[in-house]
Amino acid sequence: MAIFDENYLLESKAAKRLYTEVKDLPILDAHNHGDIAEIVENTGWSDIWEVQGETDHYVWEMMRKRGIPEERITGDAPNKTKWLELARIMPELIGNPVYEWVHLDLRRRFGIEEAISSETGEQIWKETSAQLKDDAMRPQELLAEMGVEIMCTTDDPVTSLPYHERAKTELTNTRVLPTWRPDKSMKIESDQWKDVLNDLSESTGQDVSTLSGLLDALETTHKYFEQVGCVASDHGVEQPHAYYVSKDRAASIHEKAYAGNELTQEEINDYHAYLLVQFGRMNAESDWVTQLHIGAVRDYRDTLWELIGPDSGGDLSTQNIEFVKNLKYFLNEFDEQMEIVLYCVDPTHLPTLATLARAFPNVSLGMAWWWNDSPIGMERHLEYVGSVDILRNHAGMVTDSRKLLSFGSRTEMFRRTLCNVVGSFVERGQAPESAAVDLVKALSYDRPKELFFK
């Protein structure tokens, strides 16, 4: 079998027929880490490392694991050296989705079908460098070529959104919307918390030394994001805490921390719980979707944090998460009041989250996340969700991508996996093909459209 051909990931005739129905549908990506300035400025890139490795901690982790020095990953080595090192170890990455994403990017966007290796790395460098000079390889043109209809970046509340404002008038083929992510403002235990609040005060003109002032400042940013087209918030929480806490209690904790006094773990949890509920209330009033990304343990590897900082590939997942008790108040408080999407990073949590989603019509499951957005991870996720909850209510695919070309390759991997799973239902006599066609179309386009972009 040829690699990455028309049969890639499609194991049955039914799966192949289903894929023809969805492969050319527009892409709706409600959660990614796209660079809005890069898109609006539309100047493009100089070389393939900028495209494939410069911003992708998935790539960095693979290179570290194969013994490549940090100097040749995130350090000062020339980009060509970094690309050739990645090319050298690429054959050793078979089985990991990084191998497939990078090959798909080269095949679908550059027309390069050679397998990446030490023997082909130099030629691929030259060929891609030449192609990247073409206007067709600039960000806006590539988004249009990939069929990206709407995408949502991830943005801190203190972020000014001039590029998003420009995108509303300057982009003709793709809508780029911001997503409100107030994580830093609620991390009262962080050494940087007061600096975050001071930045928020400077950007909004509010006195954030009190809880009321902080809420006013966040409300100001929330309304600003809404004016620029925001339709969702996103919250990364290692352990969710959402239960009733009085405003007086939260205010006293806020003032204690702002004065520089140490907090107990109970106080930290209470503050988290209070703010998460307030975020939910703001979202419900604005008819936004609330996305909860739960369970990622951030910056676990100290040497990476000290050398590079956050988002450098030093994160991991944990089973030690309490969902049922800690989400009960939040889910009941906003029962049928707003749409909620739950993402879990450890697949062993899926049985619990699937039953939570089954119990609440306004709660949907997000796609297999982070280390699970591989063919095997997505396949197991879809099969299980379909057997416990309802696949038609699934939130659909988000790329979570930090590089533009992966909007296409990650979406293709998802759609092929989806068609393979639903195709197996047809092959086993579990569903008529006509209904299967409707289902794969819905999860590829209709469902995210009605959930996020109604």
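These numbers come from a predicted model, not from an experiment. Just so you know, these numbers use all the heavy atoms, side chains as well, and skip hydrogens, waters and symmetry mates.
Side chain of His103 to backbone of Tyr99: a donor-acceptor contact under 3.5 angstrom is found. A donor-acceptor pair is defined here as one N or O able to donate and one able to accept, closer than 3.5 Å; such a pair exists between the side chain of Ser424 and the backbone of Val421. Although no hydrogens or angles enter the test, the distance criterion places a donor-acceptor pair under 3.5 Å between the side chain of Lys403 and the main chain of Gln52. Arg175 contributes no side-chain N or O that, together with a main-chain N or O of Glu149, makes up a donor-acceptor pair within less than 3.5 Å. Listed for the Asn372 side chain is a donor-acceptor partner under 3.5 Å among the backbone atoms of Val345. In this structure a side-chain-to-backbone donor-acceptor pair under 3.5 Å is present from Asp47 to Glu50. Judged by distance alone, with hydrogens and angles left aside, the side-chain atoms of His254 form a donor-acceptor pair with the main-chain N or O of Val208 at under 3.5 Å. Remark: the backbone N or O of Gly53 is not paired with any side-chain donor or acceptor of Asp56 at under 3.5 angstrom.
For the atom pair CZ (Phe323) and CG (Leu356), the distance works out to 8.5 Å, reported to the nearest 0.5 Å. The structure places OG of Ser209 at 9.0 Å from NZ of Lys194, a figure rounded to the nearest 0.5 Å. To the nearest 0.5 Å, atoms SG (Cys230) and OH (Tyr224) are separated by 11.5 Å. Taking CD of Glu383 as the start and CG of Leu350 as the end, the distance is 11.5 Å to the nearest 0.5 Å. The OG atom of Ser364 lies 4.0 Å from the CZ atom of Arg447; values are rounded to the nearest 0.5 Å.
No side-chain heavy atom of Ile321 sits under 4.5 Å from any side-chain heavy atom of Asp346. In this structure, the side chains of Asn32 and Val398 stay at 4.5 Å or more apart for every pair of heavy atoms. Taking the side chain as every heavy atom from C-beta outward, Thr174 and Met151 approach each other to under 4.5 Å. Counting heavy atoms from C-beta outward, Val440 and Arg415 have side chains that stay 4.5 Å or more apart. Between His222 and Pro157 the shortest side-chain heavy-atom distance does not fall below 4.5 Å. Taking 4.5 Å as the limit, some side-chain heavy atom of Trp45 sits within range of a side-chain heavy atom of Glu38. Looking only at side-chain heavy atoms (C-beta outward), Lys80 and Trp49 stay at 4.5 Å or farther from each other. Using a 4.5 Å heavy-atom threshold, the side chains of Asn79 and Glu54 count as touching.
Around atom CG of Asp76, no more than 12 heavy atoms belonging to other residues, nucleotides or ligands sit under 6.0 Å away. Crowding of Leu307 atom CG: a count of heavy atoms from other residues, nucleotides or ligands under 6.0 Å exceeding 12. For Glu255, the CD atom counts as densely surrounded, since its 6.0 Å shell holds more than 12 non-hydrogen atoms of other residues, nucleotides or ligands. Under a cut-off of 6.0 angstrom, the local environment of NZ in Lys23 is sparse, with at most 12 non-hydrogen atoms contributed by other residues, nucleotides or ligands. When the shell of 6.0 Å around CZ of Arg392 is examined, it contains more than 12 heavy atoms from other residues, nucleotides or ligands. Atom CZ of Arg107 has more than 12 neighbouring heavy atoms from other residues, nucleotides or ligands inside a 6.0 Å radius. Within a 6.0 Å radius of CZ in Arg64, other residues, nucleotides and ligands contribute more than 12 heavy atoms. Annotation: Lys325, atom NZ; neighbour count of heavy atoms from other residues, nucleotides and ligands within 6.0 Å does not exceed 12.
Taking both residues in full, the closest heavy atoms of Trp288 and Met338 are given as O-CB, 4.0 Å, listed atom of the first, atom of the second, then distance. Here the closest non-hydrogen pair linking Glu71 and Ala77 is OE2-N, 3.1 Å. Of all heavy-atom pairs spanning Ala242 and Tyr329, the tightest one is O-CB, 3.2 Å. Heavy atoms only, all atoms of each residue included: Asp105 and Ser409 are closest at OD1-OG, 2.8 Å. Taking all atoms of both residues into account, the shortest heavy-atom contact from Ala251 to Leu211 is N-CD2, 3.5 Å. Taking both residues in full, the closest heavy atoms of Lys82 and Gly75 are given as NZ-O, 2.7 Å, listed atom of the first, atom of the second, then distance.
When each of Asp234, Asp183, Asp400 is tested with His293 by the rule side chain to side chain donor-acceptor pair (under 3.5 Å), just one qualifies, namely Asp234. A side-chain contact (heavy atoms from CB on, under 4.5 Å) with His164 is found for exactly one of Val40, Thr159, Val228, namely Val228. Tested against Ile27, the residues Thr411, Leu143, Ile150 include a single side-chain contact (heavy atoms from CB on, under 4.5 Å) partner, Thr411.
Under the 6.0 Å cut-off for aromatic ring centres, His57 and His33 do not qualify, their centroids lying 6.0 Å or more apart. Side-chain rings of Phe279 and Trp180 approach one another, their centers coming within less than 6.0 Å. A ring-centre distance under 6.0 Å is found for Tyr58 and Trp101.
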Between Asp199 and Lys184, is a salt bridge (Lys or Arg N to Asp or Glu O under 4.0 Å) present by the stated rule, with each step listed?
CA-CA 11 Å; Asp199 289 343; Lys184 294 177 182 178; over 6 Å; no

Under the criterion side-chain contact (heavy atoms from CB on, under 4.5 Å), I'd like the reasoning laid out for Leu418 against Met397: C-alpha separation, chi angles, the key distance, then a yes or no.
CA-CA 10 Å; Leu418 170 66; Met397 179 61 177; over 6 Å; no

How far apart are the C-alpha atoms of Ile124 and Trp83, what are their side-chain angles, what is the distance that settles it, and do they pass the side-chain contact (heavy atoms from CB on, under 4.5 Å) test?
CA-CA 10 Å; Ile124 291 173; Trp83 166 256; 3.6 Å; yes

The test is side-chain contact (heavy atoms from CB on, under 4.5 Å); show your working for Leu93 and Arg66 and say whether it passes.
CA-CA 9 Å; Leu93 306 186; Arg66 295 306 303 148; 4.2 Å; yes

From CA spacing to verdict: side-chain contact (heavy atoms from CB on, under 4.5 Å), Val341, Thr290:
CA-CA 6 Å; Val341 180; Thr290 299; over 6 Å; no

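Looking at Thr153 and Asp155, their side chains do bring a donor and an acceptor atom within 3.5 Å of each other. Between the side chains of Asp389 and His394, not a single donor N or O lies within less than 3.5 Å of an accepting N or O. Using a 3.5 Å distance cut-off with no hydrogens or angles, the side chains of Glu266 and Thr264 do not pair a donor with an acceptor. With hydrogens and angles left out, the side-chain atoms of Gln239 and His272 include no donor and acceptor closer than 3.5 Å. For the residue pair Gln265/Asn269, the side-chain donor-acceptor check at 3.5 Å is satisfied. In the model, Asn320 has no side-chain atom that pairs as donor or acceptor with a side-chain atom of Thr318 under 3.5 Å.
Between Arg402 and Asp311 there is a salt bridge, since a side-chain N of the basic residue sits under 4.0 Å from a carboxylate O of the acidic one. With respect to the salt-bridge test (charged N to carboxylate O, under 4.0 angstrom), the residues Glu412 and Arg109 do not qualify. Using a 4.0 Å cut-off between a side-chain N of Lys or Arg and a carboxylate O of Asp or Glu, Arg281 and Glu333 qualify as a salt bridge.
The side-chain tip of Arg416 points at the ring of Tyr19 from less than 6.0 angstrom away and within 45° of straight on.
Applying the salt bridge (charged side-chain N to carboxylate O under 4.0 Å, His left out) criterion to Asp270, with sequence neighbours excluded, gives Arg249.
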